[in-house]
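One structure is given below, encoded as structure tokens.
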Amino acid sequence: MIYADNAATTKMSDAAIEAMTACMKENYGNPSSLYGIGQKAKEALEGARDEIVKAIHAENFREIIFTSGGSEADNQAIRSAAELGRTAGKMHIVSTAFEHHAVLHTLKKLEKEGFEITLLDVHENGLVRPEEVEAAIREDTCLVTIMYANNEIGTIQPIREIGAVCRAKNVIFHTDAVQAVGHISVDVVRDNIDMLSASAHKFHGPKGCGFLYVKKGIKISSLIEGGAQERGKRAGTENVPGIVATAVALKDAVANLDKNAEITVKKRDRLIEGLKEIPHSAINGDEKMRLPGNVNFCFEGIEGESLLLLLDDKGIQASSGSACTSGSLDPSHVLLAIGRVHDVAHGSLRLTINEETTDEEVEFMIRSVKEVVEYLRSFSPIWRDLTEGKKQFIL
Amino acid sequence: MIYADNAATTKMSDAAIEAMTACMKENYGNPSSLYGIGQKAKEALEGARDEIVKAIHAENFREIIFTSGGSEADNQAIRSAAELGRTAGKMHIVSTAFEHHAVLHTLKKLEKEGFEITLLDVHENGLVRPEEVEAAIREDTCLVTIMYANNEIGTIQPIREIGAVCRAKNVIFHTDAVQAVGHISVDVVRDNIDMLSASAHKFHGPKGCGFLYVKKGIKISSLIEGGAQERGKRAGTENVPGIVATAVALKDAVANLDKNAEITVKKRDRLIEGLKEIPHSAINGDEKMRLPGNVNFCFEGIEGESLLLLLDDKGIQASSGSACTSGSLDPSHVLLAIGRVHDVAHGSLRLTINEETTDEEVEFMIRSVKEVVEYLRSFSPIWRDLTEGKKQFIL
Amino acid sequence: MSLYSEKVMDHFRNPRNVGVIENANGIGEVGNAKCGDIMKMYLLIEDDIVKDVKFETFGCGSAIASSSMATEMIKGKPLSEVRELTNKAVAEALDGLPDYKMHCSVLAEEAIKSALEDYEKRKSE
Amino acid sequence: MSLYSEKVMDHFRNPRNVGVIENANGIGEVGNAKCGDIMKMYLLIEDDIVKDVKFETFGCGSAIASSSMATEMIKGKPLSEVRELTNKAVAEALDGLPDYKMHCSVLAEEAIKSALEDYEKRKSE
Ligand SMILES: Cc1ncc(COP(=O)(O)O)c(C=O)c1O
Ligand SMILES: Cc1ncc(COP(=O)(O)O)c(C=O)c1O
């Protein structure tokens, strides 16, 4: 099997599984229990927190709140900033059209509560422009939330510059870095980030674990009320084994980041080169400013789900922005945001590889996608119309 | 080591650890990925859901929402009912004074948002009276939330009768069953429950996993917005390994429930008998209507934290409602709720055992507690005043 | 668990009657690319019997399988029977479709109806 | 990780100067049971020197350890030095206390001050 869906989730590293299992077996205490085994669990918890601090170059362990994943972190960050905004009479938020639903749906809810949301254009290349962020910030803007890297098309945003703009304007800047952390260099100080969300299962850590970075001085409100865990900012008995495994996975990912990125980028570029040979296809998102492992194409005249099914038959696990793969009527909002029209967006394919993907696998994927696209086009009424000149090619 | 803090958290069962590890290693797909490994993960997820349905006698798999634990489930249940109440102009909620903070703090927040909260008396025996629930329900009551069993004093509430009262009055009934599920018989239909919260680490499952039962027909709103997981009611990539382990642990717990309860109750009763021999002590909560493994005492003239520390030195892990163990100024709100005055409440001890606790351990605990209490009293100025008649004994 | 039944996967992997009939006397096309599904049916009708049928489909797995199954169900059948074909029958013949994919079977029914209409129209001209 | 330093645990497990001085000439009691901490200090002062000191404490580990350490720090010392004893010095001598436990060292300081006052009062009577 060729697993090329690492943006959806990753396989846990052996080290992370081992750390988690050991903790479940031997260190099962409740960190809130003040004595004996509870204190041992607390030690593991705080040790893990220190690793996270180092990994993202935070300044203080108090800046990390462990959550149940990226979605929760996004929700909490945005809701907290909105809370502060409401109190200060600032009810405007700047974001982009291609954020993850954890961000977009939270913003939608806030809109119903009276907030005004500006969604910035991400242009054809899938890149937000810092000067447009600057222009969008108003007197009453309480938050700018822009993802570090897009989960579908992999484009890496100019976060540092966006952060600088927000600092200059004195507006809280949150970034959904779920796809970035552990894959590309993230430094909350260098990047001028006030709040950052991450999710462990995207960097070979466990599912159901994530964290929120909150720069010292920013008041965070809790999404889940209850016990005094996480300094009162996130109630619920801490998932110590999961947190420990998260730290192990992130430490490894960061230690090997440059090496892995270099390897992965080479394979990614070969994959892109190969798929470009398919006529009437186009890469989605900027070709260079993208995550090391992300390849995303549209192929005219075919539909993504049937493409995925046939690739699955060949042992290739991928994903698509087609409406049919999500059960909704519309194709991916990300592809629409970069200007792909509906019919083309339905014919998209995302392959997200990593450093372990072999060259043979890359070549096999290129061959397979070529074959399958050609086959599906052979009985596509749209393709017929395009080739017979009854319709104009878009790509 | 004698682990007698099972109400705080439990050791994961070997079966649950194994199921979790196997899933992390082999079934790491994202259930939202429509093909191949994603569908295998989805299968595991839905299989686990079916087990939960059976375990609590729900009627339909759609009634179960997986969450990150008991606190999240409590928050979501209460917020959802409040949402419905707000829409219907019903802004009154009935609860009790000794709920878990996940409930109480959520209610406090709702109070600030304009809701009116009635906290029922739990009386000296720690039992809510159904007729008082009935009397408290008003025209504008949108929710009754009462815990199935208390986490500190272990008292089991007349949930079935309370549920019947709520049904008759047509008010949504939520129960925080975190301490009950897997320990005593819970049947959402028999017990007339509309919503129920549970947490896996309380029944030898993993930390960071729980679920919310919501009876068909009740509209639940999401606490965490984002992807369409859990039928759109709880966003975030599903923690499949954790969920699978939760199901394994719960299935085992329910299968052995009667047997384990019988064994545990015997040991519990012996422990109670032994500790009663300590002069000027008192059991907290009804002696019979309590969880199989729960023992909770107050000892006059001593403070709980020092008691815990010395028991820890003897290898006994326990907990206390003393203020000193929580970092707050007040002792446990639960003990205050059953009428214990501050000084006595500070001298409390909770031992929560299970079927694996041996008779020798029980006897050792009795001996140890006796010794330590006697020792601490030997230089307690309060104890001196009490014995010299300068102060009246309370217990 | 698989999203689709074995039957659906079989018809998706080995679709029957794929292609074009050059001398078709009834052609129907339904759906649109915007929604992600287009089906085109070619019928060759002789003596009120479907002598031959072929299809072209742009769409997901269940759209392709529904087209394939529908063509099988009408091939060689008298028009009276063909007119009775329902989307439910197509879905059932495929051992069921996921709820949100039922519209694919609807498309198959509509594509055939549309081709039949085209045939009637040509005849009456 | 342990909540308390080794020093705290040592003084908690083996408290020095526990008990009562029957012929004490300075007794102080501070704190209250409601908050969970009561400390009682017994001083025997001769020639402006703390000849003997004992304590009784109802309270948590750090309260007991703070009492014990404080008694050690004043035993045999001239009153001029005893009056200078601060809660910080007690906490430092214990290799620190958790933030939310600092009040225990405050109690120890106050208990000694209160016993000293009692001594002064008796003397002036
Ligand atoms: C009665 C009760 N409710 C809720 C909770 C919260 O559960 P969790 O810590 O898993 O969020 C607990 C345990 O901590 C509990 O005992
Ligand atoms: C960019 C982005 N944000 C947020 C999330 C949500 O993370 P999780 O599923 O761990 O809650 C994801 C992944 O699903 C993501 O790719």
Side-chain angles (χ1 to χ4, degrees), chain A residues 1 3 5 8-12 17 20-21 24-25 28-30 32-38 67-72 74-75 100-103 105-106 108-109 199 201 206-209 223-228 235-242 305 308-309 311-312 315 317 319 325-327, chain B residues 1 3 5 8-12 17 20-21 24-25 28-30 32-38 67-72 74-75 100-103 105-106 108-109 199 201 206-209 223-228 235-242 305 308-309 311-312 315 317 319 325-327:
Chain A
M1 189 192 76
Y3 186 67
D5 205 9
T9 195
T10 58
K11 189 175 191 311
M12 263 179 92
I17 293 180
M20 187 145 174
T21 314
M24 293 189 298
K25 283 186 182 154
Y28 58 90
N30 186 328
S32 301
S33 306
L34 288 189
Y35 313 108
I37 195 175
T67 68
S68 70
S71 301
E72 185 188 334
D74 281 339
N75 276 251
H100 190 269
H101 283 143
V103 170
H105 290 177
T106 304
K108 183 127 280 168
K109 231 178 165 182
S199 183
H201 72 96
K207 292 182 171 57
C209 294
L223 194 66
I224 298 175
E225 299 284 340
T237 303
E238 301 90 338
N239 177 1
V240 181
E305 197 215 64
L308 288 192
L309 279 174
L311 289 176
D312 187 29
Q317 312 269 311
S319 91
T325 63
S326 70
Chain B
M1 189 191 77
Y3 187 67
D5 205 9
T9 196
T10 59
K11 189 175 192 312
M12 264 179 90
I17 294 180
M20 186 144 175
T21 315
M24 292 189 298
K25 282 185 182 156
Y28 59 87
N30 186 328
S32 302
S33 305
L34 289 189
Y35 313 107
I37 195 173
T67 68
S68 69
S71 301
E72 186 188 332
D74 281 341
N75 276 252
H100 190 267
H101 284 142
V103 170
H105 290 176
T106 304
K108 181 126 280 171
K109 232 179 164 180
S199 183
H201 72 96
K207 293 183 170 58
C209 293
L223 193 66
I224 298 175
E225 299 283 341
T237 303
E238 301 89 340
N239 177 1
V240 181
E305 195 216 63
L308 288 193
L309 278 174
L311 289 177
D312 187 29
Q317 312 270 313
S319 92
T325 62
S326 70

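Every heavy atom of this structure was used, including side-chain atoms; hydrogens, water molecules and symmetry mates were not. Chain A is the first sequence line, chain B the second, and so forth, proteins listed ahead of strands; every chain is numbered from 1.
Among the candidates B/Gly69, B/Ala235, B/Gly242, the residue making the largest number of heavy-atom pairs closer than 4.5 Å to chain A is B/Ala235. Ranked by non-hydrogen atom pairs under 4.5 Å with chain A, the options B/Lys11, B/His100, B/Met24, B/Lys109 are led by B/Lys11. In terms of non-hydrogen atom pairs under 4.5 Å with chain B, the most contact-rich of A/Val240, A/Val103, A/Thr237 is A/Thr237. Ranked by heavy-atom pairs under 4.5 Å with chain B, the list A/Thr106, A/Thr10, A/Asn30 is led by A/Asn30.
Both the backbone and the side chain of A/Glu72 come within contact range of chain B, judged by heavy atoms closer than 4.5 Å. Heavy-atom distances place no part of B/Ser199 under 4.5 Å from chain A, backbone and side chain included. A/Asn239 touches chain B through backbone and side chain together, each having a heavy atom under 4.5 Å away. Contacts between A/Lys108 and chain B at a heavy-atom distance below 4.5 Å are absent for every atom of the residue. In this structure, chain A has a heavy atom under 4.5 Å from the side chain of B/Asn75, while its backbone stays farther away. When heavy atoms are compared at a cutoff of 4.5 Å, A/Thr21 approaches chain B solely by way of its side chain, counted from C-beta outward.
The two residues B/Ile224 and A/Ser68 come nearest to each other via the heavy atoms CD1-OG, 4.4 Å. A pairwise comparison of heavy atoms in B/Gly29 and A/Thr9 identifies C-CG2, 3.8 Å as the closest pair.
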* Asked: What do the steps show when you test A/Tyr3 against B/Ile37 for side chain to side chain contact (heavy atoms under 4.5 Å, CB included), and what is the final call?
  -> CA-CA 9 Å; A/Tyr3 186 67; B/Ile37 195 173; 3.9 Å; yes
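Rounding to the nearest 0.5 Å gives a distance of 9.0 Å between OH of A/Tyr28 and NZ of B/Lys207.
Within the 3.5 Å criterion, the main-chain N or O of A/Gly226 finds a donor-acceptor partner in the side chain of B/His105.
With sequence neighbours excluded, the residues satisfying side chain to side chain donor-acceptor pair (under 3.5 Å) with B/Asp5 are A/Ser33, B/Arg350.
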